[in-house]
Amino acid sequence: KNEVEQSPQNLTAQEGEFITINCSYSVGISALHWLQQHPGGGIVSLFMLSSGKKKHGRLIATINIQEKHSSLHITASHPRDSAVYICAAPMNYGGSQGNLIFGKGTKLSVKP
Amino acid sequence: NAGVTQTPKFRVLKTGQSMTLLCAQDMNHEYMYWYRQDPGMGLRLIHYSVGEGTTAKGEVPDGYNVSRLKKQNFLLGLESAAPSQTSVYFCASSYLGRDGDTQYFGPGTRLTVL
């Protein structure tokens, strides 16, 4: 069974700190997704990556396919970054379906 | 574009009652999904659809039925609600269901079954 594990489960940081959230998965995949769930509940997709690194503003996502590991970094964290960050991987590697299996999420709280 | 919308936003049911959750998307996406989110667990796939007129079971389909009569709408039905179905339900859509395809989520429906 495909599994996606995230760490840490909860994370509290001071404003300005560099933050790292980790995601590991148990089977080979072609792409990994990072999503953000706002305190109000809405979910938005942040990144989809299949190799290397992607950057969007202060968010950076990296993936190591061989080690089956991905990280999400937030530079110069701000209270508005407080949210739950979720990684997700396709259930069937290389399959056309692309249904995602989700990690349990990392709840980030950034204090001013 | 409204993106993905869900109706209703909140609902309280008694055990045994039925209801239908409506998901609508205006992005002409082929794939649509229904998830449930419970405390301490990741999003879990209930049912999905790969196009108009098609539906398929996901990870936790028991107690739910779905229909996709129109491409833009995906309905989730609970025929006889149970307290175990208390959850937050999210609908999502994607252009294609390939591994790297971004899913767009609705705002969620918070359902309580008493």
Side-chain angles (χ1 to χ4, degrees), chain A residues 1-7 9-10 23-52 54 56 61 63 65 70 83-107, chain B residues 1-6 8-10 23 25 27 29-51 54-61 66 74 87-111:
Chain A
K1 181 181 177 183
N2 294 359
E3 288 188 347
V4 176
E5 300 288 337
Q6 287 186 239
S7 64
Q9 191 173 347
N10 292 284
C23 177
S24 60
Y25 45 91
S26 59
V27 294
I29 61 170
S30 60
L32 186 121
H33 299 249
W34 281 100
L35 306 98
Q36 180 191 55
Q37 185 167 24
H38 300 295
I43 300 173
V44 295
S45 180
L46 296 174
F47 294 104
M48 185 283 297
L49 68 166
S50 55
S51 65
K54 283 192 175 181
H56 181 67
I63 190 167
I65 293 291
S70 177
V84 176
Y85 293 85
I86 302 167
C87 69
M91 287 182 181
N92 301 303
Y93 173 64
S96 60
Q97 197 56 55
N99 289 343
L100 299 175
I101 185 166
F102 295 81
K104 295 180 181 179
T106 294
K107 185 175 183 180
Chain B
N1 288 350
V4 180
T5 59
Q6 291 182 231
K9 289 185 170 53
F10 303 92
C23 176
Q25 53 93 5
M27 297 174 282
H29 285 170
E30 292 292 335
Y31 285 68
M32 296 187 74
Y33 313 82
W34 275 109
Y35 297 98
R36 60 178 290 171
Q37 186 178 43
D38 300 296
M41 304 187 74
L43 289 157
R44 291 182 293 169
L45 183 64
I46 304 171
H47 286 281
Y48 64 98
S49 168
V50 304
T54 74
T55 63
K57 294 180 180 180
E59 183 185 357
V60 288
V66 288
F74 194 28
S87 187
V88 180
Y89 292 86
F90 287 95
C91 174
S93 70
S94 63
Y95 181 57
L96 295 172
R98 288 191 299 242
D99 297 349
D101 204 24
T102 297
Q103 293 190 15
Y104 296 83
F105 286 80
T109 295
R110 185 174 294 275
L111 174 65

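In what follows, chains carry the letters A, B, and so on, assigned in the order in which the sequence lines appear, proteins first and then strands, with residues in each chain numbered from 1. Note that the structure is a prediction, hence the values are computed from the model and not measured.
Heavy-atom distances place the side chain of B:Tyr35, and not its backbone, under 4.5 Å from chain A. Contacts of A:Gln9 with chain B are absent, with no heavy-atom separation under 4.5 Å from either backbone or side chain.
Between A:Ile43 and B:Phe105, the closest heavy-atom pair is O-CB, 3.5 Å. Closest heavy-atom contact between A:Lys104 and B:Gly40: CD-O, 3.3 Å.
Here A:Ile101 contributes atom CD1 and B:Glu59 contributes atom CD; the two are 6.0 Å apart, rounded to the nearest 0.5 Å.
In the displayed structure, B:Arg110 atom CZ is contacted under 6.0 Å by at most 12 heavy atoms of other residues, nucleotides or ligands.
Between A:Gln37 and B:Gln37, some side-chain heavy-atom pair lies under the 4.5 Å cut-off. Residues B:Leu43 and A:Leu35 fail the side-chain proximity criterion, which asks for heavy atoms closer than 4.5 Å.
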